[in-house]
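What follows is a set of notes on a single structure, which appears directly below.
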Amino acid sequence: MNFTDELVQWYLANKRDLPWRNTTDAYTIWLSEIILQQTRVEQGLPYFNRFVEKYPTVSDFAAAHEDEVLKLWQGLGYYSRGRNMLKTAQLVQQMYNGVFPESYDDLIKLKGIGEYTAAAISSFSSNEARAVVDGNVYRVLARYFGIYEAINSSTGKKTFQSLATNLLNKQNAALHNQAMMEFGAMLCKPKNPGCGICPVNVGCAAFLNNATTALPVKLKTVKVRERFFNYFLVTDGNTVLMNKRGDKDIWANMYDLPMVETPEMLPAHELAKLPEVTAMFGNELNITEDTSVIKHILTHQRLFVRMVKTTNTPLILKENWAFIPVDSLHELALPKVIFILIKNIFNL
DNA sequence: AAGCCGGGGAC
DNA sequence: GTCCCAGGCTT
């Protein structure tokens, strides 16, 4: 048996039972694929189930409001996925009359669908002969064929996509793709791969050369920026002043609190006198509580976040500010760290 | 081509 | 701490 046939045999004997594998409905598969971008199966699974229940068809999804989608997406990260899904659902409703496209060429044009996702949806829904290349496939191919080209260079991407396409079983694209990814996720793992029980170890360049830890090769480490967020809790117990974020920075269109960003974390008494703060509240801030600083890690940023409670109220409400009834707080999509800051105060 | 976009789990 | 996850969009 050749390499890919071995992996298919391994897959049939070892595959997990995952809900999106029991359908060929392009809409349902699309839901799963977007949710699973840069996301582990175990983390995405409960979100998939909630989305399928709330939006059984793409028409149901298209009728949703963005706040509602982001709320359902809360905690999953990379929120542009949720925002793009709504746009795509609305476009499919209008342009395709609610019938989700199945062809790669149609799918690749949609917001939030790139090469990987178009290949995944087209092959899983209609068995179109398109090879998926995700993180798992990069790793499996780099190791088995001993490819030291960086998987995140533009030439490397072409090399791996070309190799994956050549290897594709064009009669059984769906099964082939599932097998490649599941093998990478379950056995040919980033750390401690199961080489001892691997069905293709005798042909694996990395195994034979003791190079599994060196492959795949990936370029550069991301630069991490440090930021200091000072949030203000303005509440009378019945309502709380919330801010809807813009669409440029992190957590686009989600909700947090009024805040100032500082170049470093200041003691409360210095924060209270900051010109930016006194301008906002009319005079020196009266701080009644100050949380300990929470360190919150994102891919490109290390956030240091604190929240101060104040008896002051702002002079004027900025455009994106509103006093929200505490009873309605649970409807707002909150970034993880905001949820942590206020969950105990308002019983969220 | 490089930078940006979350949160969590394994080690 | 570091790495990476069924990646894609913007500049």
Side-chain angles (χ1 to χ4, degrees), chain A residues 11 15-16 18-21 29-48 70 73-85 87-88 107-124 130-140 150-158 160-161 164 174 177-186 188-193 213-214 216-225 227 245 247-254 295-303 333-340:
Chain A
Y11 172 74
K15 65 176 178 175
R16 292 168 289 183
L18 301 173
W20 46 84
R21 288 186 179 150
I29 293 167
W30 168 71
L31 281 180
S32 73
E33 290 301 337
I34 304 298
I35 287 171
L36 291 173
Q37 286 171 1
Q38 293 293 288
T39 304
R40 294 168 195 277
V41 165
E42 312 84 68
Q43 188 187 2
L45 188 51
Y47 286 84
F48 171 80
L70 288 175
W73 201 272
Q74 178 176 302
L76 197 54
Y78 285 158
Y79 297 94
S80 66
R81 292 181 289 171
R83 290 183 280 119
N84 284 335
M85 280 183 103
K87 292 174 190 166
T88 287
L107 290 163
I108 195 73
K109 297 172 185 166
L110 301 175
K111 263 195 194 325
I113 298 183
E115 285 187 44
Y116 161 77
T117 305
I121 299 174
S122 62
S123 65
F124 297 153
R130 298 281 183 171
V132 295
V133 183
D134 73 336
N136 293 306
V137 175
Y138 278 122
R139 187 169 56 253
V140 170
I151 62 173
N152 56 344
S153 67
S154 47
T155 59
K157 287 177 188 172
K158 288 176 185 168
F160 283 93
Q161 182 68 59
N177 283 336
Q178 292 284 8
M180 295 286 292
M181 291 195 286
E182 186 79 334
F183 178 76
M186 303 293 290
C188 195
K189 296 178 292 184
K191 295 187 176 176
N192 303 324
T213 57
V217 174
K218 202 169 180 178
L219 290 178
K220 80 179 191 280
T221 56
V222 295
K223 277 186 287 187
V224 178
R225 179 163 61 122
R227 301 175 73 180
R245 297 179 59 82
D247 52 9
K248 299 298 182 192
D249 204 350
I250 55 173
W251 307 322
N253 297 3
M254 298 177 73
K295 188 170 161 186
H296 189 71
I297 309 293
L298 307 180
T299 303
H300 292 258
Q301 303 183 22
R302 288 203 314 192
L303 305 181
L334 308 175
K336 191 69 174 182
V337 70
I338 302 300
F339 181 76
I340 291 171

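Residue numbers start from 1 in every chain, and the chains themselves are labelled A, B, ... in the order their sequence lines are given, proteins ahead of strands.
- Of the candidate nucleotides B/dC5, B/dG3, B/dC11, B/dG3 has the atom nearest to the side chain of A/K220.
- Every residue was checked against the salt bridge (Lys or Arg N to Asp or Glu O under 4.0 Å) condition with A/R139, not counting sequence neighbours, and none meets it.
- Residues that satisfy the ring pair (Phe, Tyr, Trp, His ring centres under 6.0 Å) test with A/F48, not counting sequence neighbours, are A/W20.
- Take A/E182 and apply the salt bridge (Lys or Arg N to Asp or Glu O under 4.0 Å) test, not counting sequence neighbours, and it matches A/R16, A/R21.
- Here the OG atom belonging to A/S32 is positioned 10.5 Å from the CG atom belonging to A/L45, to the nearest 0.5 angstrom.
- Between A/K295 and C/dG1 there is a side-chain N or O to OP1 or OP2 distance below 4.0 Å.
- When distances run from any side-chain atom of A/R139 to the nucleotides B/dG6, B/dG3, C/dC4, the shortest one goes to C/dC4.
- Out of C/dG8, C/dC4, B/dG6, the shortest distance to the side chain of A/K218 is found at C/dC4.
- Residues passing the side-chain hydrogen bond (donor to acceptor under 3.5 Å, both in side chains) test with A/Q301, sequence neighbours excluded: A/R227.
- The side chain of A/N192 has B/dC11 as its nearest neighbour among B/dG6, B/dC11, B/dG7.
- At whole-Å resolution of the value, CG in A/L219 and P in B/dG3 are 12 Å apart.
- A donor atom on one side chain and an acceptor atom on the other are found under 3.5 Å apart for A/Y116 and A/E33.
- Taking atom CD1 of residue A/I151 and atom P of nucleotide C/dC4, one finds them 7 Å apart after rounding to whole Å.
- For A/Q301, taking side-chain heavy atoms from C-beta onward, the closest of the listed nucleotides B/dC5, B/dG7, C/dC5 is B/dC5.
- The side chain of A/Y78 lies closest to B/dG6, out of B/dG6, C/dA6, C/dC4.
- Taking atom CZ on A/F124 and atom C1' on C/dA6, their separation rounds to 7 Å, with Å as the unit.
- Checking the phosphate oxygens (OP1, OP2) of B/dG8, a side-chain nitrogen or oxygen of A/K336 falls inside 4.0 Å.
- Summarising the geometry, the separation between CZ on A/R302 and C1' on B/dC5 is reported as 18 Å, rounded to the nearest angstrom.
- When the C1' atom of C/dC3 is taken as reference, atom CD1 of A/I297 falls 14 Å away, rounded to whole Å.
- Legend: residues meeting side-chain hydrogen bond (donor to acceptor under 3.5 Å, both in side chains) with A/R225, ordered by chain and number and at least two apart, are absent.
- Within 4.0 Å (heavy atoms only), A/W20 reaches at least one base atom of the nucleic acid.
- Under the rule for a side-chain hydrogen bond (donor to acceptor under 3.5 Å, both in side chains), the partners of A/S123 that lie at least two apart in sequence or sit in another chain are A/N177.
- Checking the phosphate oxygens (OP1, OP2) of B/dC4, no side-chain nitrogen or oxygen of A/W251 falls inside 4.0 Å.
- In this model, no side-chain donor or acceptor of A/T117 finds a partner on the base of C/dG7 within 3.5 Å.
- If you take CG of A/L303 and P of B/dG6, they are 10 Å apart, rounded to a whole angstrom.
- The side chain of A/K191 approaches B/dC11 more closely than any other nucleotide in the set C/dA6, B/dC11, B/dG6.
- As rounded to the nearest Å, C/dG8 and B/dG8 have P atoms that lie 22 Å from one another.
- A/G44 comes within 4.0 angstrom of nothing in the nucleic acid, heavy atoms only.
- For the pair A/W73 and A/I35, the minimum side-chain heavy-atom distance is below 4.5 Å.
- At B/dG3, none of the side-chain N or O atoms of A/H300 fall inside 4.0 Å of OP1 or OP2 (strictly under the cut-off).
- A/L36 and A/R40 make their closest contact through CD2-O, 4.1 Å (heavy atoms, listed as atom of the first residue, atom of the second, distance).
- For A/L107 and C/dG7, the CG to P distance is 17 Å, given to the nearest whole Å.
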Scan nucleotides 9-11 of chain C against the protein and return all N/O pairs shorter than 3.5 Å with their distances rounded to 0.1 Å.
| unit_1 | atom_1 | unit_2 | atom_2 | d |
| --- | --- | --- | --- | --- |
| C/dC9 | OP1 | A/G112 | N | 2.8 |

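- In this structure, the OH atom of A/Y116 is 12 Å from the P atom of C/dC5, given to the nearest Å.
- Taking every heavy atom of residues 33-43 of chain A and every atom of DNA chain C, pairs under 4.0 Å involve A/E33, A/L36, A/Q37, A/Q38, A/T39, A/R40, A/V41, by number.
- Residue A/Y138 places none of its side-chain N or O atoms closer than 4.0 Å to OP1 or OP2 of C/dG7.
- C/dA6 and B/dG3: their P atoms are spaced 25 Å apart (whole Å).
- Counting non-hydrogen atoms under 4.0 angstrom, A/K189 reaches nothing in the nucleic acid.
- Nucleic acid contact class of A/K87 (heavy atoms, under 4.0 Å, all strands): none.
- Between A/V337 and A/S153, the one whose closest nucleotide on DNA chain B sits nearer the 5' end is A/S153.
- Considering only residues two or more places apart in sequence or on other chains, A/F160 meets the ring pair (Phe, Tyr, Trp, His ring centres under 6.0 Å) condition with A/Y138.
- Across all strands, A/D249 comes closer than 4.0 Å only to sugar-phosphate atoms, never to a base (heavy-atom distances).
- For A/Q37, the CD atom counts as densely surrounded, since its 6.0 Å shell holds more than 12 non-hydrogen atoms of other residues, nucleotides or ligands.
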